Amino acid sequence: VLDKPNAVLGLPTGSSPLLTYQELVRLNHDGVIDFSQVTTYNLDEYMGLDGTHPQSYRRFMNENLFDQINIKPENTHVPSGIGDGAANARDYEAAINAAGGIDLHFMGVGRNGHIGFNEPDEYFSKGTHCVNLTESTIEANKRFFASEDEVPRRAYSMGIHTIMTAKKVLVVASGEDKAWAIRESCFGPVTPKVPGSILQLHNDAIVIADAAALSLCGDFL
Ligand code: GLP
């Protein structure tokens with residue numbers, strides 16, 4: 001944003017980005033970063049949750065970032081969890097393209113190597129689409145809900161192709177439960193069974209991980 005005040009950012013939810021968001025809020029309050037010309041597109045949203053639902057990713061983004069910085073609300077975009085999914089997905093892709101594509105896509109990685117909500121699969125997905133969440137993702141994300149039964153089984157996610165067209169990608173990971181995903185994504189075979197592995201083919205991708213998340217990478221570093 002310092003380099004390009006009207007940057008288009010791809011943004012994630014989850015615990016991985018939280019400290020970064022706190023830091024961005026601080027830098028905005030200190031007058032270092034101005035978000036007034038920035039546009040954002042989030043990776044994903046649970047199907048069936050509207051933006052006011054406490055566990056919706058729209059609400060997460062409003063609370064943890066957008067409401068605390070000087071970004072224009074109309075410049076923030078999160079896939080809609082309700083309404084006509086196919087039409088919403090087409091509109092989302094069209095809006096990203098009309099904005100000139102994503103300059104910097106920030107993201108975490110799931111324990112099973114998913115990026116956004118692109119779960120392990122036989123094929124790499126293309127644009128924004130509807131996904132069935134895997135048991136391991138439902139298990140990992142149930143901590144945010146009152147019970148596992150309340151975790152939506154489906155979601156909308158930006159596709160792998162959309163993510164790969166971002167000019168830069170920045171992945172953050174911490175903790176031992178990400179160690180397998182980081183090893184396989186960074187050093188394993190490029191396969192849709194580990195969606196994050198596609199980032200090995202990205203021209204400008206950076207992974208920032210702590211020692212625990214790198215603990216299975218010893219032979220490769
Ligand atoms: C969710 C999100 C992903 C996120 C992942 C990891 O499933 N859809 O975008 O990267 O979880 O979350 P956390 O950072 O909380 O480990």
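Each residue takes its place number in the sequence, starting with 1. In this text the structure is predicted, and so the values were computed from the model without any measurement. In what follows, every heavy atom counts, from backbone to side chain, and hydrogens, waters and symmetry copies are set aside. As the structure lists them, so they are numbered: ligands from 1, and atoms in each ligand from 1.
For the residue pair Ser36 and Asp34, a side-chain donor N or O sits within less than 3.5 Å of a side-chain acceptor on the partner. With no hydrogens or angles considered, no side-chain donor-acceptor pair links Ser80 and Arg58 at under 3.5 Å. Residues Asn28 and Gln68 bring no donor and acceptor atom of their side chains to less than 3.5 Å of each other.
Look at Glu119 and you'll find every heavy atom at least 4.0 Å from all atoms of ligand 1. Not a single heavy atom of Arg111 sits under 4.0 Å from any atom of ligand 1. Judged by the shortest distance from any of its heavy atoms, Pro12 lies outside the 4.0 Å radius around the atoms of ligand 1.
The atoms of ligand 1 that sit less than 4.0 Å from any heavy atom of His114 are 1 (C), 3 (C), 5 (C), 7 (O), 11 (O).
For atom 6 (C) of ligand 1, the nearest protein heavy atom (residue, atom name, distance) is Val109 O, 3.6 Å. The nearest protein atom to atom 12 (O) of ligand 1, hydrogens excluded, is given as Gly14 CA, 4.1 Å; this is a heavy-atom distance. In terms of protein heavy atoms, atom 8 (N) of ligand 1 is closest to Asp44 OD2, 2.7 Å. Of the protein's non-hydrogen atoms, the one nearest atom 16 (O) of ligand 1 is Lys178 NZ, 2.6 Å.
Other residues, nucleotides and ligands place more than 12 heavy atoms under 6.0 Å from the CZ atom of Phe220. Within 6.0 Å of NZ in Lys167 there are more than 12 heavy atoms belonging to other residues, nucleotides or ligands. Heavy atoms from other residues, nucleotides or ligands lying under 6.0 Å from CG of Asp84 number more than 12.
Only the side chain of Arg143 comes within 4.0 Å of ligand 1, counting heavy atoms alone; its backbone N, CA, C and O stay farther away. Under 4.0 Å from ligand 1, not a single heavy atom of Tyr46 appears. No part of Met107 comes within 4.0 Å of ligand 1, judged by heavy-atom distances. Heavy atoms of Ile115 found under 4.0 angstrom from ligand 1: none, in either backbone or side chain.
Summarising the contacts of atom 10 (O) of ligand 1 with Gly116, Ser174, Pro17, Gly108, the nearest heavy atom is found in Gly108.
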Original post:
Are Tyr46 and Leu133 close enough, and set up right, to give a side-chain contact (heavy atoms from CB on, under 4.5 Å), and what steps lead you there?
Top reply: CA-CA 10 Å; Tyr46 286 115; Leu133 302 181; 3.9 Å; yes
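Side-chain contact check for Ile198 versus Val190: some heavy-atom pair is nearer than 4.5 Å. For the pair Phe106/Leu9, no side-chain contact is recorded, criterion being any heavy-atom separation below 4.5 Å from C-beta on.
In terms of N/O distances under 3.5 Å, ligand 1 is approached by Asn141. Considering backbone and side-chain atoms alike, Ser16 places an N or O below 3.5 Å from some N or O of ligand 1.
The backbone N or O of Ser185 sits less than 3.5 Å from a side-chain atom of Gln200, completing a donor-acceptor pair.
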